[in-house]
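Count residues from 1 along the sequence.
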Amino acid sequence: MSDAATLRLPWAVAAQPVDSPEARALLREYYTEVADRYFELYEGRRSTTEEIDEGLAEYPSADLTPPHGVLLVARHGDAVAGCAGVRLLDARTAELKQLFVRPAKRGLGGAGGLLTAAERVAVQLGAERIRLDTRLDLVEAIALYRRHGFVEIAPYHDDKYAEIFFEKRLDGEPWAD
């Protein structure tokens, strides 16, 4: 397929169970990428399979299930291409988790589409704001959040991997699957 044809493929985003094979694969790829970037930056190496397994156990995704959370899976054409999770922290505050687009599908608008869908899900869950944390080395993510109107806030938790925190006030129409 030509590059022009790849750009024209439609993006589709839908809720999916976190325990589905596609969701598990995406979440593992997400965690592997952020862990590899961390270990390469601070230890000059990539993560091990054991470290990924431990990390997935330490940061489970079970809270990305209704009625207080959702995992969104994006497809580019027929290909599974990315994911984003939303969970409620309290009745008015949602949190964005595990926003990820597979490397081969980056630069085609998928991250922005997932982010927009996640914001709509947060509204549907009753949230008035959505928060997130990330690391300073994830510069692409920081730029995406700022482009989409997120502003830096004080830390709202103390996870050792969270270095910068963002929030966005929400208004708009609920997201429909």
Side-chain angles (χ1 to χ4, degrees), residues 13-38 47 51-74 80-102 105-106 110-170 174-175 177:
V13 178
Q16 190 161 327
V18 295
D19 60 354
S20 72
E22 291 172 337
R24 284 196 318 266
L26 285 165
L27 292 169
R28 185 172 191 88
E29 287 176 50
Y30 161 81
Y31 195 83
T32 301
E33 180 170 326
V34 297
D36 280 351
R37 286 178 69 161
Y38 180 85
S47 59
E51 288 167 330
I52 298 303
D53 291 341
E54 290 169 11
L56 286 167
E58 185 178 348
Y59 295 97
S61 299
D63 55 354
L64 301 178
T65 58
H68 302 292
V70 174
L71 179 71
L72 300 171
V73 171
V80 174
C83 64
V86 178
R87 68 178 180 181
L88 286 177
L89 295 176
D90 61 45
R92 297 181 354 197
T93 309
E95 184 176 40
L96 179 70
K97 301 299 292 180
Q98 291 115 340
L99 177 63
F100 174 72
V101 175
R102 287 180 164 155
K105 298 296 183 178
R106 292 182 184 160
L114 274 164
L115 189 52
T116 298
E119 291 172 12
R120 289 183 181 150
V121 164
V123 169
Q124 187 173 348
L125 292 172
E128 297 172 4
R129 63 184 167 246
I130 187 166
R131 291 182 170 172
L132 63 94
D133 66 75
T134 192
R135 295 194 327 246
L136 293 171
D137 64 301
L138 301 175
V139 295
E140 307 90 341
I142 292 169
L144 174 74
Y145 302 137
R146 286 185 171 141
R147 274 195 316 272
H148 282 261
F150 283 78
V151 295
E152 192 172 342
I153 60 169
Y156 60 93
H157 64 76
D158 63 357
D159 185 288
K160 67 181 181 179
Y161 298 111
E163 298 174 318
I164 187 169
F165 298 79
F166 289 96
E167 180 176 280
K168 182 177 180 180
R169 301 285 307 164
L170 298 171
W175 178 75
D177 188 6

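For the atom pair Leu56 CG and Ser61 OG, the distance stands at 7.5 Å (nearest 0.5 Å).
Salt-bridge annotation for Glu140 and Arg37: present, with a side-chain N of the basic residue lying under 4.0 Å from a carboxylate O of the acidic one.
Contact detail for Val13 and Ala74: the closest heavy-atom pair is CG2-CB, 4.1 Å. Smallest separation of non-hydrogen atoms from Ala81 and Leu26: C-CD2, 4.3 Å. In plain terms, the two heavy atoms of Ala35 and Ile52 that are nearest each other are CB-CD1, 3.7 Å. The minimum heavy-atom distance linking Lys168 with Gly149 is given by the pair CG-O, 3.9 Å. Of all non-hydrogen atoms in Leu71 and Cys83, the two that sit nearest each other are CD1-CB, 4.2 Å.
Using a distance-only test at 3.5 Å, with no hydrogens or angles considered, a donor-acceptor pair links the side chain of Arg102 to the main chain of Val80. Side-chain N or O atoms of Thr93 include none that pairs as donor or acceptor with a backbone N or O of Leu89 at under 3.5 Å. With hydrogens and angles ignored, the 3.5 Å screen pairs no side-chain donor or acceptor of Ser20 with any backbone N or O of Gln16. Without hydrogens or angle criteria, Arg135 side chain to Ala162 main chain gives no donor-acceptor distance under 3.5 Å. A distance-only check finds a donor-acceptor pair linking the side chain of Glu163 to the backbone of Leu136 [under 3.5 Å].
Between Val18 and Thr65, the closest side-chain pair of non-hydrogen atoms falls below 4.5 Å.
Cation-pi geometry between Arg131 and Phe165 is not satisfied (NZ or CZ under 6.0 Å from the ring centre, within 45° of the ring normal).
Between the side chains of Asp133 and His157, at least one donor N or O lies within less than 3.5 Å of an accepting N or O. Remark: the Tyr156 side chain and the Glu95 side chain contain an N/O donor-acceptor pair separated by less than 3.5 Å.
Ring geometry for Tyr145 versus Phe166: interplanar angle of 30 to 60°, hence tilted.
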